[in-house]
Amino acid sequence: MEMFGDPAQWLPFTFAGLMGVSILVYVVLDGFDLGVGVLFPFATDGEKDMMVASIGPFWDANETWLVLAIGLLLVAFPTAHGTILTALYLPVAIMLIGLILRGVAFEFRVKAPTPHKATWNWLFFIGSLMTSLSQGFMLGKYVMGLESTLGTWAFAMITAVFLTVAYSMIGACWLILKTEEQLQFKAVTWAKGGIWGLVLGLGAVSLATPLVSPRIFDKWFAVPEIFILAPLPILSGIMVLLLWRSLRRLPNPTDAGAKSPFAYAIALFILAFGGLAYSFYPYVVPEKLTIYEAASAPESLMIILVGAIVVIPMIGGYTALAYWVFKGKAAELRYD
Amino acid sequence: MDTLMLSRIQFGANISFHILFPTITIALGWVLLFFKLRFNATGNVRWMDAYRFWVKVFALSFAMGVVSGITMSFQFGTNWPGFMETVGNIAGPLLAYEIMTAFFLEAVFLGIMLFGFSRVPSWLHTLATFLVAFGTTMSAFWIIVLNSWMHTPQGFEMREGVAFATSWFDIIFNPSMPYRFIHMMLASGLTVAFLIAGFSAFRWLLGDRSQGVRVTLKTGVFMGAMLIPVQIFMGDLHGLNTLEYQPQKVAAMEGNWETQSNVPLLLFAIPDEEARTNHFEVGIPNMASVILKHKADGVVPGLNDFVTEDGEVLHPPVAPVFWSFRIMVGTGFAMLFLSWAGAFLMLRKRRGPEGIPTFMYYAMVPMAFSGWVATLAGWYTTEIGRQPWLVQGVLTTKQAVADVPAPFVGTTLGAYLAIYALLLSAYIGVLFFLARKAVDGDVPRPRTPLSGQAIAREVPAE
């Protein structure tokens with residue numbers, strides 16, 4: 001192991017990386033299916049069936065990335081796991097109740113007697129909304145260093161709304177890719193309406209993060225960092241413009257460019273996440289606990305890493321298989 | 001109530017709600033694979049009818065299991081931060097392996113298993129069914145390794161109050177793991193056997209005489225009849241293992257206060273921890289000694305050995321353990337009676353389902369949920385039986401609890417309980433609704449699985 005240097009250094013770094021990737025994959029994947037749920041009230045009953053059909057085969061695996069992310073936090077940084085989750089006790093509980101409601105509503109809305117379907121549709125929306133809002137709230141609290149003051153609450157309320165709008169935007173982009181005709185037309189309108197939330201949300205977090213912490217301020221605005229990092233906000237701006245342009249060309253008779261909005265939305269999520277990761281590194285609990293202080297014993301991390309190296313490519317492989325099997329425009333979900 | 005008790009109730013409620021659904025999906029996955037393989041081998045549509053009905057139950061149960069499982073992964077941190085801080089080096093890798101080798105496998109292939117029948121070749125659909133069943137079983141394996149390690153920890157050393165692994169082999173194959181794992185797998189098999197038999201009986205009572213309901217009725221009854229004697233034998237071995245490693249738990253199960261020989265098997269008693277004795281005892285003389293030590297004058301450990309000189313109680317609360325154990329065993333014997341009688345009547349003169357009298361069908365319907373009762377009672381026995389320890393001899397429950405204000409825990413507990421009550425009644429209601437719908441001939445004929453070329457045409461090109 002000498003060639004890799006000190007395991008107490010590179011193992012926590014590797015695991016922070018793995019956890020970051022899991023969170024990012026989660027936010028993109030569950031982001032679009034949560035967003036589809038948030039958009040439910042704007043759709044007709046027939047459209048709702050098609051919206052669920054577009055995410056039905058995937059949502060379960062999408063949510064597993066949250067379990068992996070929280071699992072990695074739990075196993076790799078156990079002290080941080082306790083600190084963060086006890087600080088976020090109430091929003092976590094609200095998110096969990098939201099996840100429970102929407103997860104079971106998927107099944108109940110088609111299996112319960114028909115008169116109950118409207119109720120389960122409503123619960124699916126409420127659950128998706130609770131989950132999105134509470135995740136945005138947690139993001140805001142985390143950016144504010146997990147402090148509990150009136151100001152941090154207000155800020156977290158704002159990020160709650162922005163993240164929900166961002167999710168509904170990427171959800172609309174997914175629908176553009178997976179649906180046709182009237183629903184696709186509506187989805188384009190929804191996506192256009194969602195861009196403002198994404199831009200304001202990105203802006204709010206980008207401005208607030210360096211103002212809260214002088215350390216983060218220096219990381220961004222010192223020379224030469226400011227020049228090295230300049231491409232990040234510039235690229236984000238370009239992505240917003242490209243996204244807007246691609247939406248204006250849709251829908252069209254040949255369905256050309258129907259995948260583009262989703263691709264640009266993913267790119268925006270990645271850029272935003274990259275910025276946040278850069279700001280907070282090396283802290284896992286903002287300004288209090290670094291990944292190196294919070295890490296588990298190297299021998300425990302090593303045994304997980306060995307498994308992860310073997311298993312994660314396999315997960316990637318069969319996830320790709322599932323998306324390939326259900327590729328193309330969404331069709332009615334049937335058990336036969 | 002204080003934060004500790006509220007947190008325990010909250011986690012207990014959550015894990016009780018959660019275990020109901022994996023208990024079904026673990027074995028139901030394999031039963032579905034059996035249906036699918038029988039269909040592949042015989043081409044007979046009745047196996048596909050059975051598959052299609054029970055795969056809906058699987059999908060619903062799986063969703064319930066996933067969402068309540070996610071809740072638990074968070075509650076480790078929100079309610080029990082001391083657990084991961086102390087034994088995170090052991091529990092962490094085990095949980096990580098569960099997520100990596102099981103959760104993704106089952107979640108990804110579930111989509112293909114549920115909705116892929118006419119989209120993928122038949123072999124891939126069968127493979128997806130196998131991988132989902134395999135994934136649920138792997139998930140059970142890892143979590144039971146961790147749970148068993150909390151009962152019989154080994155393969156670690158404590159440094160500055162934190163556990164460090166010394167032998168992963170010893171941790172994984174800890175003394176109670178093989179017994180607990182097999183006991184739980186059999187419990188899952190029995191839960192599913194009686195669930196299938198119960199709902200097939202319900203359909204039978206509504207006048208359904210289809211081939212689909214006949215095969216599931218037989219599958220359920222024979223499966224139950226075959227598994228229950230194995231389970232009773234396995235449960236006995238598990239009890240002997242517990243006697244060796246956690247004698248205080250066995251003492252509570254038997255309601256035995258003093259270490260002594262010729263201990264009776266108590267059929268009924270009201271354990272009184274204040275007076276440290278039992279009221280209204282009804283028992284079979286010497287029987288507990290015979291079961292635990294295989295001789296009438298065998299010495300059985302007593303609860304009073306687990307009270308320190310300054311009065312600290314290091315044994316579990318007696319009454320809940322004592323009663324949970326009796327409910328589990330009683331349910332087991334009811335299962336034995338019903339499944340053997342049902343199997344005997346179906347085999348006699350080869351009369352099949354017609355050989356079973358109507359009153360027995362009426363008994364089978366409530367017994368559909370007997371597996372849940374026995375599984376919960378069994379888990380209460382073993383988990384409450386571990387108290388006051390969270391990890392036996394290493395960490396107490398009290399040391400691990402989060403410093404969260406009690407009203408927070410109380411409020412969220414109330415919300416969880418309300419939702420669990422709602423979901424449980426919706427779940428049971430929908431199961432009966434699906435069964436009633438199946439009686440009305442809702443089950444459509446299967447479409448033939450498509451060949452590779454046909455799929456290429458069916459799916460629009462991108």
Side-chain angles (χ1 to χ4, degrees), chain A residues 56-58 60-61 63-64 66-68 70-76 78-79 81-86 88-90 92-93 95-97 99-104 106-108 111-113 259 296-297 299-300 303-304 307-308 311-312 315 318-319 321-322 325-329 333-336, chain B residues 52 55-56 59-60 63-64 66-68 70-71 73-74 76-78 81 84-85 88-90 92-93 95-97 99-101 103-105 107-112 114-120 164-165 168 402-404 408 412 415-416 419 423 426 429-430 433-434 444 446-447 459-460 462:
Chain A
F58 311 113
D60 220 329
E63 258 173 32
T64 309
L66 177 65
V67 181
L68 181 64
I70 203 69
L72 285 172
L73 178 64
L74 178 82
V75 304
T79 42
H81 179 259
T83 313
I84 293 173
L85 289 189
T86 43
L88 298 173
Y89 192 89
L90 285 184
V92 165
M95 176 186 77
L96 292 174
I97 290 170
L99 284 173
I100 292 174
L101 288 178
R102 74 186 294 272
V104 299
F106 263 102
E107 298 294 332
F108 279 122
K111 295 191 177 65
K259 287 179 186 167
S296 297
E299 46 276 47
S300 291
I303 195 158
I304 305 174
V311 177
I312 289 186
I315 295 174
Y318 57 69
T319 303
L321 172 74
V325 165
F326 295 99
K327 70 182 188 302
K329 297 293 179 186
L333 288 182
R334 295 178 59 100
Y335 282 98
D336 46 33
Chain B
R52 235 185 320 278
V55 83
K56 287 182 193 159
L60 189 58
M64 300 278 273
V66 167
V67 295
S68 54
I70 293 176
T71 314
S73 68
F74 278 88
F76 281 129
T78 52
M84 287 310 284
E85 280 160 21
N89 289 326
I90 315 280
L95 289 169
Y97 270 84
I99 298 169
M100 291 192 301
T101 63
F103 285 174
F104 277 104
L105 198 64
V108 171
F109 283 100
L110 182 71
I112 299 177
L114 294 183
F115 308 119
F117 185 76
S118 55
R119 276 188 169 247
V120 298
F164 287 84
W168 283 101
D403 182 22
V404 176
F408 274 28
T412 51
Y416 283 126
I419 285 184
L423 291 184
V430 165
F433 172 74
L434 287 175
R447 291 187 283 168
V459 179
E462 288 189 54

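Protein chains get the first letters and strands the later ones, always in sequence-line order, with residue 1 at the start of each.
- Taking every heavy atom of both residues into account, A:Leu66 and A:Met95 meet most closely at CD2-CE, 4.3 Å.
- Residues that satisfy the salt bridge (Lys or Arg N to Asp or Glu O under 4.0 Å) test with B:Glu85, not counting sequence neighbours, are absent from this structure.
- Interface summary for chain B: among A:Leu96, A:Leu88, A:Val67, the most heavy-atom pairs under 4.5 angstrom belong to A:Leu96.
- Looking only at heavy-atom pairs under 4.5 Å with chain B, the residue among A:Ile84, A:Thr83, A:Leu85, A:Val92 that has the most is A:Leu85.
- Comparing B:Val55, B:Leu95, B:Leu105 by how many heavy-atom pairs each has under 4.5 Å with chain A, the most go to B:Leu105.
- Between the CD atom of A:Glu63 and the CD1 atom of B:Ile70 there is a distance of 4.0 Å, given to the nearest 0.5 Å.
- When each of A:Gly71, A:Ala297, A:Gly103 is checked for heavy-atom pairs under 4.5 Å with chain B, A:Ala297 comes out on top.
- For the set A:Ile303, A:Thr86, A:Thr79, the entry with the most heavy-atom pairs within less than 4.5 Å of chain B is A:Ile303.
- A:Leu99 touches chain B through backbone and side chain together, each having a heavy atom under 4.5 Å away.
- Between B:Phe103 and B:Val66, every side-chain heavy-atom pair lies at or beyond the 4.5 Å cut-off.
- Proximity to chain B (any heavy atom under 4.5 Å) is shown, for A:Ala76, by neither the backbone nor the side chain.
- Contact annotation for B:Leu110: only side-chain heavy atoms (C-beta onward) come within less than 4.5 Å of a heavy atom of chain A.
- Residue A:Phe108 comes nearest to B:Leu60 through the heavy atom pair CE2-CD1, 3.8 Å, listed as atom of the first residue, atom of the second, then distance.
- Considering every non-hydrogen atom in both B:Ala59 and A:Glu107, the closest pair reads CB-OE1, 3.4 Å.
- No side-chain donor-acceptor contact under 3.5 Å links A:Ser296 to the backbone of B:Asn89.
- At least one side-chain heavy atom of A:Ile70 sits less than 4.5 Å from a side-chain heavy atom of A:His81.
- Contacts between A:Tyr318 and chain B at a heavy-atom distance below 4.5 Å involve backbone atoms as well as side-chain atoms.
- With a 4.5 angstrom heavy-atom cutoff, A:Leu68 touches chain B via backbone and side-chain atoms both.
- For B:Phe433, the part sitting under 4.5 Å from any heavy atom of chain A is the side chain, from C-beta outward, and nothing else.
- In this structure, no portion of A:Leu72 lies under 4.5 Å from any heavy atom of chain B.
- Of the listed residues (A:Leu73, A:Thr319, A:Leu90, A:Leu321), the greatest number of heavy-atom pairs within a distance under 4.5 Å of chain B belongs to A:Leu90.
- For chain B, no part of A:Phe58 is nearby; none of its heavy atoms comes within less than 4.5 Å.
- The minimum heavy-atom distance linking A:Ser300 with B:Trp168 is given by the pair OG-CZ2, 4.2 Å.
- When every heavy atom of B:Thr71 is checked against every heavy atom of B:Val67, the shortest pair comes out as OG1-O, 2.8 Å.
- The choice from B:Val404, B:Leu434, B:Ile90 that makes the most heavy-atom pairs within less than 4.5 Å of chain A is B:Val404.
- Under the 4.5 Å side-chain criterion, counting only non-hydrogen atoms from C-beta, A:Tyr89 is in contact with B:Thr412.
- Taking A:Val311 as the reference, A:Ile315, B:Met100, B:Thr101 meet the side-chain contact (heavy atoms from CB on, under 4.5 Å) condition, with sequence neighbours excluded.
- Comparing A:Ala112, A:Ala322, A:Pro78, A:Gly56 by how many heavy-atom pairs each has under 4.5 Å with chain B, the most go to A:Ala112.
- Contact of B:Ile419 with chain A is made through the side chain alone, with heavy-atom distances under 4.5 Å.
- For chain A, the option among B:Gly88, B:Ser68, B:Gly116, B:Pro93 with the highest count of heavy-atom pairs below 4.5 Å is B:Pro93.
- Both the backbone and the side chain of B:Leu423 come within less than 4.5 Å of a heavy atom in chain A.
- Residue B:Phe74 touches chain A through both its backbone and its side chain, counting heavy-atom pairs closer than 4.5 Å.
- Proximity to chain A (any heavy atom under 4.5 Å) is restricted, for B:Phe164, to the side chain, taken from C-beta onward.
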